2 protein chains.
Amino acid sequence: MARATAKQQRAATTKDARVFPVIMAGGSGTRFWPLSRVARPKQFLPLATGRPLIVETLARLKGVAPPRQTFVVCGALHAPLVRKALPAVPKPNVLVEPQARNTAPAIALATAAVAHLDPRGVLVVLPSDQHVADVAAFQASVAEAVELARAGHIVTLGIHPTRPETGYGYIQVGEPLSGTARRVSRFAEKPDRPTAEQYLVSGEYLWNAGLFVFRADVMLEAFKHHMPALAAALEPIRAAWGTRRAERALARHFPDMPATSIDYGIAEKASNIAVVPSRCGWSDVGSFNALPEVRPTDESGNVAVGKDVFLIDAAGCVVVAKDRPIAVVGMKDVVVVDAGDAMLVLPKERSQDVRKVVEALKAKKRLSLL
Amino acid sequence: MARATAKQQRAATTKDARVFPVIMAGGSGTRFWPLSRVARPKQFLPLATGRPLIVETLARLKGVAPPRQTFVVCGALHAPLVRKALPAVPKPNVLVEPQARNTAPAIALATAAVAHLDPRGVLVVLPSDQHVADVAAFQASVAEAVELARAGHIVTLGIHPTRPETGYGYIQVGEPLSGTARRVSRFAEKPDRPTAEQYLVSGEYLWNAGLFVFRADVMLEAFKHHMPALAAALEPIRAAWGTRRAERALARHFPDMPATSIDYGIAEKASNIAVVPSRCGWSDVGSFNALPEVRPTDESGNVAVGKDVFLIDAAGCVVVAKDRPIAVVGMKDVVVVDAGDAMLVLPKERSQDVRKVVEALKAKKRLSLL
């Protein structure tokens, strides 16, 4: 009986407002070199678990919406990887951007695709390269966001900060809305350390995780209002969607969209923005330094990935082995990575400097290593 | 005219007392893991130059004696490697110890082999795994040692110390003998740091480099006098040398020789010991920590071996790459080694702790990695 009710409820929810997850897989970061490469960016790496981040992202949506209602936006280079990693997502749902133009055009494309199926469909837009430890809490937050979106809000998830992180953008919460949701007072850029500490202590700031939930028609309206140039370029794409002319329209008009983030283009400007605070063990897995947040550590705080890592008198290290053993002796807080065809060693606190290697390789035109 | 004289001199020297270099290649150290393995010990690695240490050792003897008069003592496992590395050395000159029993039995074997060819032949016994920067100075010291040996001395080369090294044995010099040579006052064990500093300041101590020069008949006499058990076991080997019974005699009697070092068994006891002090840029290449002594360093004191080492903000590092690139960012005084099938990272000053890895691999029975 209870079971039947749950089923009925699920059916009812689906009918009320079909939910369409949109996984944003256009990223091409360099912070995980040598694991990440131009042809194999972060979202395709098994950084947090044994499965690629993008696979975990889809798995995390189980119960939110079925894979057949899920879209992925990515570049042409990565579309084959997406199709291989996510075979349950229908091929036409893999939306290929003609070029990378930041998040607003990517979301516009997905919004057009969803609007074609269901003008009042609710999009759950989320990055493909994050980690969530508490999936139940995440899904509860998403469910709350979906309800608010249904009512016409553009909703973002805000993560309760656990440290004075300077690498994230923040959301200052405004007045209560309904449930745990709040209006958004403002979006704040990445702060310096003292500001981040102030944010943490104030209890008024949440991390901006880049998750947005909204109705297709609401976002199309927002584009018209706040990003008219984008809306104008989107219009012929939307009109051609589902016809033979779609690909040509996309190739022709997508490059006309301004390369703006959805945060800057819409979220910071729209008045109907809401935030659902969440404690879901979220991490953006921003660099090797973040692996101890998302991976099991040993009693000395080491993260060892791979079966043949020998740690002797080592503490706080991040060691990623591939097909050959790695022995690390007497080291503290160091990152050691073997990608099979290239290796990296650097202090954990300098994980951001991985880009210096990528720059050096670019300067030397070592394309096969990029 | 001058040329003719030099030729004549060489011929005369050769006639006076034929010189027989003996390269000791029985070592099986673990301090260069993962480069060194049971089946590929240090002497076969190109640690100081692009050529294996043992190849450099033979090359260093050019002009001292021809390869056809050169012997190598090694274990059965390494004999094929020796023959491959030193094709100029006649196969019968590769003396295979039935088992590793320290240096006195190995030298006894070589002495028997030389005595068979020339009872008054002069042996120049030297380790296969050292580096000498100034070959001319080395050869001058050896020439002086050969002269003394001819006169009946057992001669060792003593290296002028350049730092208070605690990893070497020392030789205290005694009264002057002839030329630069001195009698030996005593052989001293590896000292602690204050003692090593005292040795350095005193000017009376030289490093014991493990090089010995002596006449075959003089050493056979010394064995009889100071190591009668060894001499007794050597006698049937010597009697069978050059006959069909040689191999059987070796297999049967070699294990009876005491596993003693030539230093302890003879050098510390004999009265006719002399030392020739030398400044020849000698290094025993004892660990990865020693590579900056023997390899070119960059302006930040890094040693990079291999074509694809990317050093960014790195200082005092020792990086050995194999077939794949290694990037080292922001590290100081660290050793990073890729052997192709295994990798090692440790602080340079803990280079001795490489053995801990080898012990761990032994404990885990990872024989393929030993």
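So you know, we letter chains A, B, ... as the sequences are listed, proteins then strands, and number each from 1. The structure displayed is predicted, hence computed values, not measured ones.
- The heavy-atom pair separating A/Met331 from B/Val334 by the smallest distance is CE-CG2, 3.5 Å.
- At a 4.5 Å heavy-atom cutoff, B/Val337 makes no contact with chain A through either its backbone or its side chain.
- With a threshold of 4.5 angstrom between heavy atoms, A/Val335 does not approach chain B through any atom at all.
- Comparing A/Gly340, A/Ala314, A/Ala321 by heavy-atom pairs within less than 4.5 Å of chain B, the highest count is held by A/Gly340.
- Both the backbone and the side chain of A/Ala342 come within contact range of chain B, each with at least one heavy atom under 4.5 Å from a heavy atom of that chain.
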Return one line per donor-acceptor pair between chain A and chain B under 3.5 Å, naming both atoms and the distance rounded to 0.1 Å.
from     : atom 1 : to       : atom 2 : distance (Å)
A/Asp308 : OD1    : B/Arg366 : NH1    : 2.7
A/Asp308 : OD2    : B/Arg366 : NH1    : 3.2
A/Asp308 : OD2    : B/Arg366 : NH2    : 2.7
A/Asp313 : OD2    : B/Arg350 : NH2    : 2.6
A/Asp313 : OD2    : B/Lys356 : NZ     : 3.3
A/Arg324 : NH1    : B/Gly340 : O      : 2.8
A/Pro325 : O      : B/Met343 : N      : 2.9
A/Ala327 : N      : B/Met343 : O      : 2.8
A/Ala327 : O      : B/Val345 : N      : 2.9
A/Val329 : N      : B/Val345 : O      : 2.9
A/Gly340 : O      : B/Arg324 : NH1    : 2.8
A/Met343 : N      : B/Pro325 : O      : 2.9
A/Met343 : O      : B/Ala327 : N      : 2.8
A/Val345 : N      : B/Ala327 : O      : 2.8
A/Val345 : O      : B/Val329 : N      : 2.9
A/Arg350 : NH2    : B/Asp313 : OD2    : 2.7
A/Lys356 : NZ     : B/Asp313 : OD2    : 3.3
A/Arg366 : NH1    : B/Asp308 : OD1    : 2.7
A/Arg366 : NH1    : B/Asp308 : OD2    : 3.2
A/Arg366 : NH2    : B/Asp308 : OD2    : 2.7

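- Judged as a ring-ring contact (aromatic ring centres under 6.0 Å, His included), and not counting sequence neighbours, the contacts of A/Phe288 are A/Phe32.
- For the atom pair CZ (A/Phe310) and CG (B/Leu344), the distance works out to 12.0 Å, reported to the nearest 0.5 Å.
- Minimum interatomic distance between A/Pro347 and B/Gly330 (heavy atoms only, all atoms of both residues): CG-O, 3.2 Å.
- B/Ile326 touches chain A through backbone and side chain together, each having a heavy atom under 4.5 Å away.
- Of the listed residues (B/Leu346, B/Val329, B/Val328, B/Val357), the one with the most heavy-atom contacts under 4.5 Å to chain A is B/Val329.
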